[in-house]
Number of protein chains: 2
Amino acid sequence: MREAYQEQLDHFANHLGDMCGAVSEAMRRATAALLNADLSLAEQVIDEDTRIGEARKAAEEQAFALLALQSPVATDLRVVVSAIHAAEDLERMGKLALHVAKTTRRRHPQPVLPEQVREDFSEMGRVGVELGKKAERVIRTRDLELAMELEQDDDEMDELHRHLFAVMMSPEWPHGVAPAVDITLLGRFYERFADHAVALARRVVFIVTGKMPGDD
Amino acid sequence: MREAYQEQLDHFANHLGDMCGAVSEAMRRATAALLNADLSLAEQVIDEDTRIGEARKAAEEQAFALLALQSPVATDLRVVVSAIHAAEDLERMGKLALHVAKTTRRRHPQPVLPEQVREDFSEMGRVGVELGKKAERVIRTRDLELAMELEQDDDEMDELHRHLFAVMMSPEWPHGVAPAVDITLLGRFYERFADHAVALARRVVFIVTGKMPGDD
C-alpha cells in the first residue's frame, strides 16, 4: 500500500515537473514573440494554453485519486494539498505567458515595445524562464538549496521591474501613454510569473520540511 | 458520522462566507480611501490584511480536519477541494484590495486619481464590492440563479475597464505617463478582484451541481 502510494506520488511530482517545463517554455516563446513581433510564435503560445489547462485538470484528478484511494493523513495529506496548489500556480503561470502572447498578437504588425525597454523585457524574460526552470528542478529533485536561490532571483525580477517604471516615468520618455499602458501590464505579467515560481519552490520546501520558508 | 461531517462542512462554508464579507469590506474601504486620498482608511485596509491571511490559514486547517477525520470520497471530496480553492481566491481578493490601499498610501498626500477617471473607479469599486457581496450570498445560500448573475456583473466590470483605457489613450489626456501607470495597475486590480468573485460563484455551482458552468 505504502509503496503504491509513493509510486503514485512520484508520478504526480513528475507530472507537475512536466507542467513547469511547459509553462517555462511558453514564457520563453512568448518573450521571443514579444521582442520580435513574431505573430506565429505568439499564436503557438496561445494554442498551447489549452494543453496547460488540460494538464492542470489531470493534476487535480491525480490528487483526487490519491486522496480517495489512499486517504492520506497528517504530512501525506499536506503533501497532496500542496501539490493541488502547485498545479494552480502552474496554470496561472501559463495564463501569464498567454497574456504576453496575446499582447503581441493584439498590436501586430506593430511591435509592442519601444527600443528603450527592449533590453528590460529581454532580461525579464530571461529571469522569468530561469525561475521557471529552477522551480522545475526543485519539483523534480526536492533540492532545498536550489529552492532558496529562487528568492534571490525574484529580487532581480523586482529590480528589473522598478527600472522599467523609471524608464517610462523619466522626462525623456517620448512614447506617451499608449505604449506605457501595455508595458505596465506586461511588467506585471512577468512579475507575477516570477512570484508563482517562487511560491512553487516554497511549496516544495514545505513538502520536504513541513515548514514554509520564513514561517518560524 | 454523516451528521458530524455535514455540520463541519456547514461551519466551513460559514467561515468562507465571513472571509468573503471581509474582503468585500476591504475593497469598499480601499476604494473610499482611493477616491478621497484618505490615508487612515488605507492604513486600516493594510492592517486588516493580516487577519485575512489568518482566516485563509484557518480555512485550510478546517479542510485538513475534514479530509483527515472523515476521509470523504467522490463528491464530498470534490467539495472540500473546491473549498480549498475558494479560500485561495478569497485571500487573493484581499491582496488586491491591499494593493489598492497601498497605492493610495504611496502617493499620499497627493490623490492617485485625476478627476477624469474618478467616476470610473467609483463605479469599478461599486461593481467589485457588489460582486463580492453576491459571492458571499452564493456561498451562504448556494443560490444558483444568483451565481449566474455574477457573470453578467463581471461584464460590467470589463466594460468599465475598457472605458478607463479609452480615457487614458484619448488625445485629451493631459496627465502624462505617471498617473497612467498607476491607473493601469489599479484597473487590473479591480478586474482581477471581479474575476476571483466569479470564480468563487463557479465553485459553488460546481459543488451543488457537480459541473462547472459552461463545462458541458
Side-chain angles (χ1 to χ4, degrees), chain A residues 56-57 59-61 63-85 87-89 91-92 95 99 161 164-189 191-192 195-196 199 206 212 215, chain B residues 56-57 59-61 63-85 87-89 91-92 95 99 161 164-189 191-192 195-196 199 206 212 215:
Chain A
R56 152 76 195 282
K57 276 187 194 162
E60 195 123 333
E61 290 309 317
F64 283 132
L66 274 166
L67 290 173
L69 298 177
Q70 315 276 1
S71 296
V73 292
T75 306
D76 286 347
L77 178 56
R78 284 169 198 267
V79 168
V80 177
V81 172
S82 287
I84 291 174
H85 287 310
E88 199 161 16
D89 283 317
E91 185 180 38
R92 193 71 210 140
K95 289 282 177 244
H99 291 335
H161 200 210
L164 194 63
F165 286 139
V167 171
M168 285 190 288
M169 297 203 185
S170 94
E172 290 100 67
W173 178 257
H175 306 288
V177 169
V181 168
D182 277 343
I183 290 165
T184 300
L185 287 175
L186 285 167
R188 177 92 188 146
F189 300 150
E191 188 199 20
R192 293 294 298 152
D195 288 345
H196 284 287
F206 175 74
M212 282 303 237
D215 237 22
Chain B
R56 152 78 195 283
K57 275 187 195 161
E60 195 123 334
E61 290 310 317
F64 283 133
L66 274 165
L67 291 173
L69 299 177
Q70 315 275 1
S71 295
V73 293
T75 306
D76 287 348
L77 178 58
R78 284 170 198 268
V79 168
V80 177
V81 172
S82 287
I84 290 174
H85 287 310
E88 199 160 17
D89 283 317
E91 186 180 37
R92 194 71 209 140
K95 288 281 178 245
H99 291 334
H161 201 209
L164 195 62
F165 285 140
V167 172
M168 285 191 289
M169 297 201 184
S170 94
E172 289 101 66
W173 177 256
H175 306 288
V177 169
V181 168
D182 277 343
I183 290 165
T184 300
L185 288 175
L186 285 168
R188 177 92 187 146
F189 300 150
E191 188 199 20
R192 293 293 299 151
D195 288 345
H196 284 288
F206 175 74
M212 282 303 240
D215 237 21

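To find a chain, count down the sequence lines: A is the first, B the second, and so on, and within it residues start at 1.
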- Query: If you measure from CZ on A:Phe165 to CG on B:Asp182, what distance do you get to the nearest 0.5 Å?
  - Reply: 8.5 Å
- Query: Between atom OG1 of A:Thr184 and atom CG of B:Leu186, what is the distance when rounded to the nearest 0.5 Å?
  - Reply: 11.0 Å
Give the minimum heavy-atom separation between [X] and [Y], together with the two atoms involved.
{"X": "B:Gly176", "Y": "A:Val177", "result": "O-CG2, 3.6 Å"}
{"X": "A:Ala68", "Y": "B:Val73", "result": "O-CG1, 4.1 Å"}
{"X": "A:Arg188", "Y": "B:Leu185", "result": "CD-CD2, 3.8 Å"}

- So which of A:Ala74, A:Ala180, A:Ala178 has the biggest tally of heavy-atom pairs under 4.5 Å with chain B? A:Ala178
- Within residues 78-85 of chain B, residues adjacent to chain A where the heavy-atom gap is under 4.5 Å: B:Arg78, B:Val81, B:Ile84, B:His85
- Message: Which residues pass the ring-ring contact (aromatic ring centres under 6.0 Å, His included) test with A:His196, not counting sequence neighbours?
- Response: none
